[in-house]
> 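Structure incoming, see below.
Note that the structure is predicted; figures quoted are calculated from it, not measured.
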Amino acid sequence: MSYARVLSVGLLGVTGHLVEVEADLAAGLPTVALSGLPDTALNEARDRVRAAIVNSGQSWPNRRITVNLLPATLPKHGSGFDVAIACALLGGSGELPLAPLDGVAILGELGLDGAVRPVRGVLPMVVAAVRAGITRVVVPLANAAEAAVVPGVRVKGVDSLHRLVAFVRDGGRLLEPPEPDPVSPPAGPDLAEVAGQGLGRRGLEIAAAGGHHVALIGPPGAGKTMLAERLPSILPPLDDEAALEVSALHSIAGLLPPGGRLLRRPPLQAPHHTATVPSLVGGGSGLARPGAVSLAHRGVLFLDEAAEFNVRALEALRQPLESGRVLITRSRGATEYPASFQLVLASNPCPCAKPSGDLACECTPLARRRYIGRLSGPLLDRIDVQVPLVPLRAADLVAAATPAEPSAVVAERVRAARSAAAQRWAGTGWRVNADVPGPHLRRTRWRLPARDTEQLRRSLDTGALSARGYDRVIRMAWTIADLDGRDRPGADDVAEASQLRSGRSA
(Lines give C-alpha, C1' and ligand atoms only; values in the text may rest on other atoms or scores of the structure.)
Protein backbone atom coordinates (compact mmCIF):
# COMPACT_ATOMS: atom_id res chain seq x y z
CA MET A 1 0.00 0.00 0.00
CA SER A 2 1.29 3.47 -0.94
CA TYR A 3 0.21 6.87 0.29
CA ALA A 4 0.89 10.49 -0.75
CA ARG A 5 -0.45 13.92 0.19
CA VAL A 6 -0.51 17.24 -1.69
CA LEU A 7 -1.95 20.62 -0.68
CA SER A 8 -4.59 22.54 -2.59
CA VAL A 9 -7.27 25.15 -1.82
CA GLY A 10 -11.06 25.00 -2.03
CA LEU A 11 -13.63 27.80 -2.04
CA LEU A 12 -16.84 28.09 -0.08
CA GLY A 13 -18.42 31.31 -1.29
CA VAL A 14 -15.67 33.91 -1.26
CA THR A 15 -13.78 32.19 1.57
CA GLY A 16 -10.93 29.83 0.75
CA HIS A 17 -9.93 26.79 2.80
CA LEU A 18 -6.74 24.76 2.67
CA VAL A 19 -7.47 21.25 1.37
CA GLU A 20 -5.27 18.17 1.74
CA VAL A 21 -5.48 15.87 -1.28
CA GLU A 22 -4.69 12.33 -0.17
CA ALA A 23 -4.09 9.37 -2.47
CA ASP A 24 -4.01 5.76 -1.29
CA LEU A 25 -3.00 3.00 -3.74
CA ALA A 26 -3.73 -0.55 -2.66
CA ALA A 27 -3.85 -3.98 -4.22
CA GLY A 28 -7.21 -4.94 -5.67
CA LEU A 29 -9.49 -4.42 -8.60
CA PRO A 30 -8.34 -1.27 -10.51
CA THR A 31 -10.75 1.55 -9.69
CA VAL A 32 -10.75 5.16 -8.54
CA ALA A 33 -12.92 6.36 -5.66
CA LEU A 34 -13.24 10.04 -4.71
CA SER A 35 -14.37 11.09 -1.23
CA GLY A 36 -14.67 14.40 0.60
CA LEU A 37 -18.02 15.76 -0.68
CA PRO A 38 -17.02 16.28 -4.33
CA ASP A 39 -19.49 17.78 -6.80
CA THR A 40 -20.13 16.45 -10.31
CA ALA A 41 -17.26 18.36 -11.94
CA LEU A 42 -14.84 17.06 -9.31
CA ASN A 43 -16.14 13.50 -9.57
CA GLU A 44 -15.29 13.61 -13.28
CA ALA A 45 -11.68 14.43 -12.42
CA ARG A 46 -10.85 10.70 -12.38
CA ASP A 47 -11.23 10.55 -16.17
CA ARG A 48 -9.45 13.84 -16.85
CA VAL A 49 -6.54 12.94 -14.58
CA ARG A 50 -6.16 9.45 -16.07
CA ALA A 51 -5.95 10.78 -19.64
CA ALA A 52 -3.66 13.67 -18.65
CA ILE A 53 -1.19 11.39 -16.85
CA VAL A 54 -1.00 8.92 -19.75
CA ASN A 55 -0.73 11.67 -22.41
CA SER A 56 2.05 13.32 -20.39
CA GLY A 57 4.21 10.22 -20.76
CA GLN A 58 3.62 8.80 -17.28
CA SER A 59 2.33 5.37 -16.27
CA TRP A 60 -1.16 5.02 -14.86
CA PRO A 61 -1.13 2.87 -11.69
CA ASN A 62 -3.54 -0.03 -12.26
CA ARG A 63 -4.42 -0.47 -8.59
CA ARG A 64 -7.28 0.28 -6.25
CA ILE A 65 -7.04 4.06 -5.83
CA THR A 66 -8.78 6.10 -3.17
CA VAL A 67 -8.55 9.91 -3.31
CA ASN A 68 -9.72 11.81 -0.27
CA LEU A 69 -10.04 15.58 0.13
CA LEU A 70 -9.68 16.86 3.70
CA PRO A 71 -11.51 18.27 5.56
CA ALA A 72 -14.12 15.75 4.46
CA THR A 73 -17.01 17.85 5.83
CA LEU A 74 -16.26 20.80 3.54
CA PRO A 75 -18.06 20.66 0.17
CA LYS A 76 -15.61 20.65 -2.76
CA HIS A 77 -16.56 21.86 -6.19
CA GLY A 78 -14.98 22.65 -9.53
CA SER A 79 -12.00 21.32 -11.45
CA GLY A 80 -9.27 23.21 -9.61
CA PHE A 81 -8.07 20.09 -7.78
CA ASP A 82 -7.09 18.18 -10.94
CA VAL A 83 -3.35 18.94 -10.86
CA ALA A 84 -3.09 18.24 -7.12
CA ILE A 85 -4.86 14.89 -7.58
CA ALA A 86 -2.50 13.94 -10.41
CA CYS A 87 0.56 14.80 -8.30
CA ALA A 88 -0.79 12.82 -5.33
CA LEU A 89 -1.44 9.76 -7.55
CA LEU A 90 2.02 9.88 -9.11
CA GLY A 91 3.57 10.34 -5.68
CA GLY A 92 1.63 7.43 -4.23
CA SER A 93 2.67 5.17 -7.09
CA GLY A 94 6.34 5.95 -6.44
CA GLU A 95 6.92 7.64 -9.80
CA LEU A 96 7.24 11.15 -8.37
CA PRO A 97 9.22 12.23 -5.30
CA LEU A 98 7.00 14.85 -3.68
CA ALA A 99 9.59 16.50 -1.40
CA PRO A 100 9.84 19.60 -3.68
CA LEU A 101 6.08 20.11 -3.21
CA ASP A 102 6.13 20.15 0.60
CA GLY A 103 4.28 23.25 1.78
CA VAL A 104 3.23 24.16 -1.78
CA ALA A 105 -0.43 24.71 -2.71
CA ILE A 106 -1.27 23.44 -6.21
CA LEU A 107 -4.21 24.68 -8.30
CA GLY A 108 -5.35 23.99 -11.84
CA GLU A 109 -7.60 22.04 -14.19
CA LEU A 110 -6.21 19.36 -16.50
CA GLY A 111 -7.06 18.88 -20.14
CA LEU A 112 -7.00 15.39 -21.60
CA ASP A 113 -3.70 16.22 -23.32
CA GLY A 114 -2.05 17.16 -20.02
CA ALA A 115 -2.38 20.92 -20.48
CA VAL A 116 -3.03 22.90 -17.30
CA ARG A 117 -5.98 25.19 -17.83
CA PRO A 118 -7.07 28.26 -15.81
CA VAL A 119 -9.76 28.10 -13.14
CA ARG A 120 -12.02 30.63 -11.49
CA GLY A 121 -11.39 32.02 -8.03
CA VAL A 122 -7.58 31.76 -7.97
CA LEU A 123 -7.23 35.13 -6.21
CA PRO A 124 -9.28 34.26 -3.08
CA MET A 125 -7.71 30.80 -3.10
CA VAL A 126 -4.20 32.24 -2.92
CA VAL A 127 -5.30 34.70 -0.23
CA ALA A 128 -6.60 31.76 1.82
CA ALA A 129 -3.35 29.86 1.30
CA VAL A 130 -1.31 32.80 2.59
CA ARG A 131 -3.56 33.12 5.65
CA ALA A 132 -2.96 29.42 6.33
CA GLY A 133 0.80 29.97 6.32
CA ILE A 134 1.56 28.83 2.75
CA THR A 135 4.27 30.90 1.05
CA ARG A 136 4.52 29.07 -2.32
CA VAL A 137 1.80 28.26 -4.83
CA VAL A 138 1.73 26.68 -8.28
CA VAL A 139 -1.10 27.90 -10.50
CA PRO A 140 -2.04 27.72 -14.19
CA LEU A 141 0.05 30.14 -16.22
CA ALA A 142 -3.08 32.03 -17.30
CA ASN A 143 -3.86 32.69 -13.61
CA ALA A 144 -0.29 33.52 -12.54
CA ALA A 145 -0.56 37.30 -12.93
CA GLU A 146 -3.80 37.27 -10.93
CA ALA A 147 -2.22 35.23 -8.13
CA ALA A 148 0.91 37.39 -8.03
CA VAL A 149 -1.00 40.45 -6.76
CA VAL A 150 -1.36 38.77 -3.36
CA PRO A 151 1.49 39.89 -1.07
CA GLY A 152 3.57 37.40 0.88
CA VAL A 153 3.51 34.51 -1.58
CA ARG A 154 5.86 33.20 -4.28
CA VAL A 155 3.89 32.28 -7.40
CA LYS A 156 4.99 29.91 -10.16
CA GLY A 157 3.03 29.21 -13.31
CA VAL A 158 2.67 25.90 -15.11
CA ASP A 159 1.23 25.21 -18.56
CA SER A 160 1.34 21.41 -18.58
CA LEU A 161 1.53 18.44 -16.27
CA HIS A 162 4.69 17.37 -18.08
CA ARG A 163 6.43 20.62 -17.02
CA LEU A 164 5.38 20.14 -13.39
CA VAL A 165 6.59 16.53 -13.37
CA ALA A 166 9.94 17.63 -14.84
CA PHE A 167 10.26 20.26 -12.11
CA VAL A 168 9.58 17.81 -9.30
CA ARG A 169 11.63 14.92 -10.70
CA ASP A 170 14.53 16.63 -12.44
CA GLY A 171 14.54 20.19 -11.10
CA GLY A 172 13.21 21.72 -14.29
CA ARG A 173 12.06 25.33 -14.39
CA LEU A 174 8.55 26.49 -13.77
CA LEU A 175 7.24 29.66 -15.39
CA GLU A 176 7.35 33.10 -13.83
CA PRO A 177 4.17 35.21 -13.76
CA PRO A 178 4.01 37.64 -16.68
CA GLU A 179 4.71 41.28 -15.99
CA PRO A 180 1.54 43.20 -15.06
CA ASP A 181 0.03 45.47 -17.66
CA PRO A 182 1.03 49.13 -17.36
CA VAL A 183 -1.38 51.26 -15.36
CA SER A 184 -3.61 53.37 -17.58
CA PRO A 185 -6.03 56.03 -16.39
CA PRO A 186 -9.54 54.64 -16.12
CA ALA A 187 -11.73 55.62 -19.03
CA GLY A 188 -15.40 56.20 -18.59
CA PRO A 189 -18.25 58.68 -18.83
CA ASP A 190 -17.79 62.12 -17.25
CA LEU A 191 -20.27 64.34 -15.40
CA ALA A 192 -19.32 67.22 -17.72
CA GLU A 193 -21.39 65.47 -20.40
CA VAL A 194 -24.61 65.84 -18.37
CA ALA A 195 -26.64 68.90 -19.38
CA GLY A 196 -28.64 70.78 -16.77
CA GLN A 197 -30.20 68.84 -13.88
CA GLY A 198 -28.56 70.81 -11.09
CA LEU A 199 -30.66 69.05 -8.44
CA GLY A 200 -29.73 65.65 -9.89
CA ARG A 201 -26.04 66.50 -9.84
CA ARG A 202 -26.28 67.75 -6.27
CA GLY A 203 -28.09 64.60 -5.17
CA LEU A 204 -25.50 62.41 -6.88
CA GLU A 205 -22.64 64.28 -5.18
CA ILE A 206 -24.25 63.89 -1.75
CA ALA A 207 -24.85 60.19 -2.45
CA ALA A 208 -21.20 59.68 -3.43
CA ALA A 209 -19.86 61.56 -0.40
CA GLY A 210 -21.96 59.67 2.14
CA GLY A 211 -22.52 56.29 0.50
CA HIS A 212 -26.28 56.90 0.21
CA HIS A 213 -28.73 55.14 -2.12
CA VAL A 214 -30.38 57.15 -4.91
CA ALA A 215 -33.67 57.12 -6.84
CA LEU A 216 -33.97 59.19 -10.02
CA ILE A 217 -37.56 59.68 -11.19
CA GLY A 218 -38.26 61.58 -14.42
CA PRO A 219 -39.40 61.44 -18.05
CA PRO A 220 -37.35 59.85 -20.87
CA GLY A 221 -34.35 61.92 -21.95
CA ALA A 222 -34.08 63.82 -18.67
CA GLY A 223 -30.65 62.31 -17.94
CA LYS A 224 -31.43 59.55 -15.42
CA THR A 225 -29.18 56.96 -17.05
CA MET A 226 -26.40 59.47 -17.74
CA LEU A 227 -26.29 60.54 -14.12
CA ALA A 228 -26.36 56.99 -12.76
CA GLU A 229 -23.59 55.74 -15.06
CA ARG A 230 -21.35 58.59 -13.91
CA LEU A 231 -21.61 57.90 -10.19
CA PRO A 232 -18.52 55.62 -10.19
CA SER A 233 -16.49 58.43 -11.78
CA ILE A 234 -16.84 60.59 -8.65
CA LEU A 235 -16.31 57.81 -6.11
CA PRO A 236 -12.82 57.46 -4.56
CA PRO A 237 -10.61 54.65 -5.90
CA LEU A 238 -10.71 51.42 -3.90
CA ASP A 239 -8.05 51.00 -1.24
CA ASP A 240 -5.98 47.81 -1.03
CA GLU A 241 -8.42 45.91 1.20
CA ALA A 242 -11.49 46.86 -0.83
CA ALA A 243 -9.71 46.21 -4.15
CA LEU A 244 -8.78 42.71 -2.97
CA GLU A 245 -12.40 42.00 -1.93
CA VAL A 246 -13.83 43.24 -5.22
CA SER A 247 -11.20 41.48 -7.35
CA ALA A 248 -11.80 38.21 -5.47
CA LEU A 249 -15.53 38.32 -6.22
CA HIS A 250 -14.90 39.01 -9.91
CA SER A 251 -12.34 36.19 -9.95
CA ILE A 252 -14.93 33.72 -8.62
CA ALA A 253 -17.38 34.86 -11.30
CA GLY A 254 -14.71 34.55 -14.01
CA LEU A 255 -14.96 38.27 -14.83
CA LEU A 256 -11.57 39.48 -13.65
CA PRO A 257 -9.83 41.12 -16.63
CA PRO A 258 -6.41 39.71 -17.57
CA GLY A 259 -3.28 41.65 -16.78
CA GLY A 260 -2.54 41.02 -13.12
CA ARG A 261 -4.04 44.20 -11.70
CA LEU A 262 -6.46 44.62 -8.83
CA LEU A 263 -9.71 46.40 -9.65
CA ARG A 264 -9.28 49.92 -8.32
CA ARG A 265 -12.33 51.62 -9.81
CA PRO A 266 -15.63 51.02 -8.01
CA PRO A 267 -17.58 48.51 -10.12
CA LEU A 268 -20.85 49.31 -11.88
CA GLN A 269 -23.43 46.57 -12.37
CA ALA A 270 -26.48 47.38 -14.51
CA PRO A 271 -28.65 44.25 -14.95
CA HIS A 272 -31.49 44.29 -17.49
CA HIS A 273 -34.98 44.80 -16.16
CA THR A 274 -35.84 41.18 -17.01
CA ALA A 275 -33.19 39.94 -14.52
CA THR A 276 -34.30 37.12 -12.22
CA VAL A 277 -33.83 36.86 -8.48
CA PRO A 278 -30.88 34.40 -8.75
CA SER A 279 -29.11 36.65 -11.25
CA LEU A 280 -29.38 39.54 -8.79
CA VAL A 281 -28.57 37.91 -5.45
CA GLY A 282 -26.65 34.86 -6.71
CA GLY A 283 -27.49 31.30 -7.60
CA GLY A 284 -26.67 28.31 -9.73
CA SER A 285 -26.53 24.56 -9.24
CA GLY A 286 -24.62 23.29 -6.25
CA LEU A 287 -22.99 26.12 -4.34
CA ALA A 288 -24.29 29.48 -5.52
CA ARG A 289 -22.12 31.93 -7.42
CA PRO A 290 -22.19 35.68 -6.79
CA GLY A 291 -24.97 37.72 -8.37
CA ALA A 292 -25.12 41.34 -9.43
CA VAL A 293 -25.43 42.62 -5.85
CA SER A 294 -22.10 41.00 -4.93
CA LEU A 295 -20.37 41.96 -8.17
CA ALA A 296 -21.38 45.55 -7.30
CA HIS A 297 -19.72 45.26 -3.87
CA ARG A 298 -17.95 48.54 -2.98
CA GLY A 299 -19.49 50.05 -6.12
CA VAL A 300 -22.83 50.81 -7.74
CA LEU A 301 -25.84 48.64 -8.59
CA PHE A 302 -27.88 50.51 -11.20
CA LEU A 303 -31.43 49.37 -11.97
CA ASP A 304 -32.61 51.26 -15.03
CA GLU A 305 -36.35 51.17 -15.68
CA ALA A 306 -36.69 49.99 -12.07
CA ALA A 307 -40.49 49.91 -12.18
CA GLU A 308 -40.29 47.27 -14.95
CA PHE A 309 -38.31 44.83 -12.76
CA ASN A 310 -40.04 41.80 -11.33
CA VAL A 311 -41.44 42.71 -7.92
CA ARG A 312 -39.82 39.65 -6.29
CA ALA A 313 -36.44 40.69 -7.67
CA LEU A 314 -36.81 44.20 -6.26
CA GLU A 315 -37.92 42.97 -2.85
CA ALA A 316 -34.93 40.60 -2.73
CA LEU A 317 -32.72 43.68 -2.47
CA ARG A 318 -34.10 44.75 0.89
CA GLN A 319 -32.02 42.39 3.03
CA PRO A 320 -28.62 43.10 1.43
CA LEU A 321 -29.37 46.84 1.53
CA GLU A 322 -29.59 46.59 5.32
CA SER A 323 -26.90 44.01 6.11
CA GLY A 324 -24.39 44.50 3.30
CA ARG A 325 -24.24 40.74 2.81
CA VAL A 326 -26.32 38.09 1.05
CA LEU A 327 -26.79 34.55 2.34
CA ILE A 328 -27.84 31.98 -0.27
CA THR A 329 -29.00 28.61 1.00
CA ARG A 330 -28.97 25.57 -1.27
CA SER A 331 -29.25 21.82 -0.71
CA ARG A 332 -25.46 21.47 -0.69
CA GLY A 333 -24.99 24.20 1.89
CA ALA A 334 -25.18 27.93 2.54
CA THR A 335 -22.97 30.49 0.79
CA GLU A 336 -22.44 34.04 1.99
CA TYR A 337 -21.13 36.85 -0.21
CA PRO A 338 -20.45 40.49 0.65
CA ALA A 339 -22.91 42.91 -0.98
CA SER A 340 -22.22 46.42 0.30
CA PHE A 341 -23.20 48.55 -2.68
CA GLN A 342 -24.85 51.85 -3.54
CA LEU A 343 -28.23 51.29 -5.16
CA VAL A 344 -29.34 53.65 -7.93
CA LEU A 345 -32.92 53.32 -9.17
CA ALA A 346 -34.09 55.09 -12.33
CA SER A 347 -37.71 55.09 -13.41
CA ASN A 348 -40.27 56.92 -15.49
CA PRO A 349 -43.09 58.43 -13.38
CA CYS A 350 -45.85 56.64 -15.31
CA PRO A 351 -46.42 54.08 -18.11
CA CYS A 352 -46.78 56.62 -20.95
CA ALA A 353 -43.75 58.61 -19.70
CA LYS A 354 -44.85 61.77 -21.50
CA PRO A 355 -43.55 65.03 -20.04
CA SER A 356 -45.83 67.95 -19.30
CA GLY A 357 -46.54 70.48 -22.03
CA ASP A 358 -48.02 69.85 -25.45
CA LEU A 359 -47.70 66.09 -24.98
CA ALA A 360 -49.40 65.95 -21.59
CA CYS A 361 -49.46 62.66 -19.65
CA GLU A 362 -52.42 60.52 -20.64
CA CYS A 363 -52.30 58.24 -17.60
CA THR A 364 -54.98 58.31 -14.97
CA PRO A 365 -53.95 59.03 -11.36
CA LEU A 366 -54.66 55.38 -10.55
CA ALA A 367 -52.40 54.19 -13.38
CA ARG A 368 -49.62 56.48 -12.20
CA ARG A 369 -49.92 55.23 -8.61
CA ARG A 370 -49.93 51.62 -9.74
CA TYR A 371 -46.86 52.10 -11.92
CA ILE A 372 -44.66 53.85 -9.40
CA GLY A 373 -46.14 51.57 -6.73
CA ARG A 374 -44.07 48.75 -8.19
CA LEU A 375 -41.31 50.34 -6.14
CA SER A 376 -42.68 49.31 -2.76
CA GLY A 377 -42.74 51.55 0.28
CA PRO A 378 -40.28 49.38 2.27
CA LEU A 379 -37.81 49.50 -0.64
CA LEU A 380 -38.11 53.27 -1.13
CA ASP A 381 -37.80 53.75 2.63
CA ARG A 382 -34.23 52.49 2.24
CA ILE A 383 -33.41 55.05 -0.47
CA ASP A 384 -31.90 58.21 1.03
CA VAL A 385 -31.74 60.51 -2.00
CA GLN A 386 -34.93 60.65 -4.10
CA VAL A 387 -34.52 63.15 -6.94
CA PRO A 388 -37.32 64.23 -9.30
CA LEU A 389 -35.85 65.16 -12.69
CA VAL A 390 -37.60 67.62 -15.00
CA PRO A 391 -37.47 67.64 -18.83
CA LEU A 392 -34.48 69.46 -20.28
CA ARG A 393 -34.94 72.84 -21.93
CA ALA A 394 -33.30 73.99 -25.13
CA ALA A 395 -31.09 76.34 -23.14
CA ASP A 396 -29.71 73.38 -21.18
CA LEU A 397 -28.57 71.69 -24.38
CA VAL A 398 -27.38 74.44 -26.70
CA ALA A 399 -27.00 77.66 -24.75
CA ALA A 400 -25.33 76.80 -21.47
CA ALA A 401 -23.45 79.82 -20.14
CA THR A 402 -20.63 77.77 -18.59
CA PRO A 403 -19.61 74.14 -19.08
CA ALA A 404 -20.74 71.72 -16.41
CA GLU A 405 -18.27 70.61 -13.74
CA PRO A 406 -16.26 67.54 -14.76
CA SER A 407 -16.12 64.43 -12.63
CA ALA A 408 -12.58 65.19 -11.45
CA VAL A 409 -13.69 68.41 -9.72
CA VAL A 410 -16.68 66.79 -8.05
CA ALA A 411 -14.59 63.75 -7.07
CA GLU A 412 -12.17 66.00 -5.19
CA ARG A 413 -15.00 67.40 -3.06
CA VAL A 414 -16.29 63.89 -2.47
CA ARG A 415 -12.81 62.76 -1.40
CA ALA A 416 -12.52 65.64 1.08
CA ALA A 417 -15.97 64.91 2.52
CA ARG A 418 -15.18 61.22 2.92
CA SER A 419 -11.88 62.06 4.59
CA ALA A 420 -13.72 64.24 7.12
CA ALA A 421 -16.20 61.43 7.82
CA ALA A 422 -13.42 58.84 8.12
CA GLN A 423 -11.59 61.02 10.63
CA ARG A 424 -14.78 61.52 12.65
CA TRP A 425 -15.61 57.80 12.78
CA ALA A 426 -12.00 56.56 13.09
CA GLY A 427 -11.74 53.37 15.13
CA THR A 428 -15.41 52.42 14.74
CA GLY A 429 -15.15 50.46 11.49
CA TRP A 430 -17.58 52.79 9.68
CA ARG A 431 -16.27 54.13 6.38
CA VAL A 432 -18.99 56.61 5.37
CA ASN A 433 -21.90 58.37 7.06
CA ALA A 434 -24.41 55.90 5.60
CA ASP A 435 -22.75 53.14 7.66
CA VAL A 436 -23.32 54.86 11.02
CA PRO A 437 -26.15 53.30 13.07
CA GLY A 438 -29.00 55.65 13.95
CA PRO A 439 -28.72 55.13 17.74
CA HIS A 440 -25.12 56.33 17.62
CA LEU A 441 -26.17 59.63 16.01
CA ARG A 442 -28.83 60.12 18.68
CA ARG A 443 -26.33 59.95 21.53
CA THR A 444 -25.48 63.14 23.41
CA ARG A 445 -22.19 63.80 21.65
CA TRP A 446 -23.63 63.59 18.12
CA ARG A 447 -27.25 64.54 18.74
CA LEU A 448 -28.33 67.62 16.81
CA PRO A 449 -30.03 70.49 18.68
CA ALA A 450 -33.81 70.23 18.98
CA ARG A 451 -34.28 73.51 17.11
CA ASP A 452 -32.53 72.05 14.04
CA THR A 453 -34.66 68.88 13.97
CA GLU A 454 -38.04 70.33 14.97
CA GLN A 455 -39.69 69.86 11.58
CA LEU A 456 -38.12 66.43 11.19
CA ARG A 457 -39.50 65.28 14.55
CA ARG A 458 -42.91 66.60 13.64
CA SER A 459 -42.87 64.53 10.43
CA LEU A 460 -41.97 61.47 12.51
CA ASP A 461 -44.80 62.07 14.97
CA THR A 462 -47.39 62.50 12.20
CA GLY A 463 -46.30 59.35 10.39
CA ALA A 464 -44.99 61.21 7.34
CA LEU A 465 -41.54 59.83 8.10
CA SER A 466 -40.50 56.44 9.46
CA ALA A 467 -37.90 55.94 12.18
CA ARG A 468 -35.57 54.55 9.52
CA GLY A 469 -36.21 57.63 7.39
CA TYR A 470 -35.47 59.91 10.36
CA ASP A 471 -32.05 58.31 10.85
CA ARG A 472 -31.29 58.46 7.14
CA VAL A 473 -32.09 62.19 6.97
CA ILE A 474 -29.73 62.83 9.89
CA ARG A 475 -26.97 60.85 8.14
CA MET A 476 -27.49 62.87 4.95
CA ALA A 477 -27.32 66.11 6.95
CA TRP A 478 -23.88 65.07 8.22
CA THR A 479 -22.81 64.33 4.65
CA ILE A 480 -24.01 67.75 3.43
CA ALA A 481 -22.05 69.40 6.24
CA ASP A 482 -18.94 67.42 5.27
CA LEU A 483 -19.28 68.53 1.64
CA ASP A 484 -19.61 72.16 2.70
CA GLY A 485 -16.67 71.96 5.12
CA ARG A 486 -18.58 72.31 8.40
CA ASP A 487 -17.92 70.33 11.58
CA ARG A 488 -21.60 69.75 12.36
CA PRO A 489 -24.82 70.04 10.37
CA GLY A 490 -27.28 72.86 11.00
CA ALA A 491 -30.94 73.47 10.34
CA ASP A 492 -30.32 74.24 6.65
CA ASP A 493 -28.49 70.94 6.19
CA VAL A 494 -31.33 69.02 7.82
CA ALA A 495 -33.85 70.85 5.61
CA GLU A 496 -31.94 70.04 2.42
CA ALA A 497 -31.57 66.41 3.47
CA SER A 498 -35.29 66.22 4.28
CA GLN A 499 -36.15 67.69 0.87
CA LEU A 500 -33.95 65.18 -0.95
CA ARG A 501 -35.38 62.35 1.12
CA SER A 502 -38.99 63.32 0.32
CA GLY A 503 -38.40 63.52 -3.45
CA ARG A 504 -39.68 67.09 -3.71
CA SER A 505 -38.04 69.61 -6.01
CA ALA A 506 -36.93 72.93 -4.55
Side-chain angles (χ1 to χ4, degrees), residues 183-216 223-247 257 261-270 295-302 340-346 384-385 387 389 400 402-426 430-436 475-487 489 493 496-497 500:
V183 179
S184 57
D190 195 284
L191 266 179
E193 301 162 355
V194 179
Q197 301 300 359
L199 181 61
R201 294 173 66 94
R202 174 67 171 170
L204 206 69
E205 183 175 339
I206 293 171
H212 307 289
H213 307 303
V214 190
L216 303 171
K224 304 185 296 294
T225 302
M226 291 189 71
L227 284 168
E229 290 177 343
R230 283 151 182 78
L231 178 55
S233 70
I234 61 176
L235 294 175
L238 301 176
D239 58 24
D240 290 343
E241 179 184 357
L244 199 57
E245 285 182 358
V246 172
S247 301
R261 291 286 182 183
L262 293 176
L263 298 177
R264 292 288 180 179
R265 183 163 184 159
L268 171 67
Q269 289 290 310
L295 296 177
H297 181 59
R298 305 288 195 186
V300 177
L301 177 66
F302 173 40
S340 179
F341 56 89
Q342 281 187 256
L343 177 63
V344 180
L345 302 177
D384 302 344
V385 183
V387 182
L389 299 182
T402 58
E405 279 187 317
S407 292
V409 175
V410 180
E412 183 57 30
R413 291 199 298 268
V414 169
R415 184 203 61 77
R418 286 207 174 196
S419 296
Q423 186 175 2
R424 181 190 310 120
W425 311 123
W430 305 319
R431 300 177 298 111
V432 291
N433 291 326
D435 294 339
V436 184
R475 292 179 191 136
M476 270 200 292
W478 279 97
T479 300
I480 293 170
D482 289 337
L483 276 171
D484 295 343
R486 292 187 297 276
D487 292 336
D493 301 321
E496 183 180 2
L500 286 171

> How would you list, by chain and number, every residue that makes a salt bridge (Lys or Arg N to Asp or Glu O under 4.0 Å) with R413, sequence neighbours excluded?
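Testing R413 for salt bridge (Lys or Arg N to Asp or Glu O under 4.0 Å), a comparison that skips the adjacent residues, returns E205, E405.
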> Is a salt bridge present between D239 and R431, judged by a nitrogen-to-oxygen distance below 4.0 Å?
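No, this pair does not count.
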> Going by the rule salt bridge (Lys or Arg N to Asp or Glu O under 4.0 Å), which residues pair with R415 if we only count those two or more places apart in sequence or in a different chain?
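In terms of salt bridge (Lys or Arg N to Asp or Glu O under 4.0 Å), with neighbours along the sequence ignored, R415 is linked to E412.
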> Could you walk me through whether L227 and L216 pass the side-chain contact (heavy atoms from CB on, under 4.5 Å) check?
CA-CA 9 Å; L227 284 168; L216 303 171; 4.1 Å; yes
> Indicate the atoms forming the closest heavy-atom contact of A421 with N433, along with that distance.
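It is CB-OD1, 3.7 Å.
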> Any idea which heavy atoms bring V300 and P232 closest together, and the distance?
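Closest pair (atom of V300, atom of P232, distance): CG2-CG, 4.0 Å.
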> Which atom pair, heavy atoms only, marks the closest approach of D190 to S407?
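So the two residues come closest at OD1-N, 2.9 Å.
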> State plainly whether the residues R475 and D435 are in salt-bridge range, i.e. N to O under 4.0 Å.
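A salt bridge is absent here (no side-chain N lies under 4.0 Å from a carboxylate O).
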> If you measure from CG on D493 to CE on M476, what distance do you get to the nearest 0.5 Å?
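One finds 11.5 Å between CG of D493 and CE of M476.
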> Mind checking side-chain hydrogen bond (donor to acceptor under 3.5 Å, both in side chains) for S340 and listing every partner two or more places apart, or none if nothing turns up?
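In terms of side-chain hydrogen bond (donor to acceptor under 3.5 Å, both in side chains), with neighbours along the sequence ignored, S340 is linked to no residue.
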> Just so I know, are the side chains of P236 and R418 near enough to count as touching, which here means a heavy-atom distance under 4.5 Å?
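SC-SC contact between P236 and R418 confirmed.
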> Fit a plane to each ring of F341 and H213, take the angle between them on a 0 to 90° scale, and name the class: parallel (under 30°), tilted (30 to 60°) or perpendicular (over 60°).
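Plane angle between 30° and 60°, so tilted.
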> Taking C-beta and beyond as the side chain, do P267 and V246 meet within less than 4.5 Å on heavy atoms?
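P267 reaches V246 side chain to side chain.
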> With sequence neighbours excluded, what pairs up with H297 under the side-chain hydrogen bond (donor to acceptor under 3.5 Å, both in side chains) test?
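Here the qualifying residues are E245.
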> Atom CD1 of I206 and atom CG of L500: how far apart are they, to the nearest 0.5 Å?
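If we round to the nearest 0.5 Å, I206:CD1 and L500:CG are 5.0 Å apart.
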> Return the CG to CG distance between L244 and L238, rounded to the nearest 0.5 Å.
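Rounded to the nearest 0.5 Å, the CG-CG separation comes to 11.0 Å.
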> Could you please spell out the steps behind the side-chain contact (heavy atoms from CB on, under 4.5 Å) verdict for S233 and R265?
CA-CA 8 Å; S233 70; R265 183 163 184 159; 3.4 Å; yes
> Partners of E496 by salt bridge (Lys or Arg N to Asp or Glu O under 4.0 Å), sequence neighbours excluded?
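Checked E496 against salt bridge (Lys or Arg N to Asp or Glu O under 4.0 Å); matches are R202.
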> What are the two closest non-hydrogen atoms of V214 and A207, and how far apart are they?
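Scanning both residues completely, I find the closest heavy atoms to be CG2-CB, 3.2 Å.
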> Grab the two heavy atoms, one from L231 and one from A208, that are nearest each other, plus how far apart they are.
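Result for this residue pair: CD1-CB, 3.8 Å.
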> Check this for me: does any side-chain nitrogen of one of R424 and D487 sit under 4.0 Å from a carboxylate oxygen of the other?
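No, this pair does not count.
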> Are any non-hydrogen side-chain atoms of Q342 and P266 less than 4.5 angstrom apart?
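No, side chains not in contact.
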> Please list, chain by chain and in numerical order, all residues satisfying salt bridge (Lys or Arg N to Asp or Glu O under 4.0 Å) with R230, sequence neighbours excluded.
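Per chain and number, R230 pairs via salt bridge (Lys or Arg N to Asp or Glu O under 4.0 Å) with E193.
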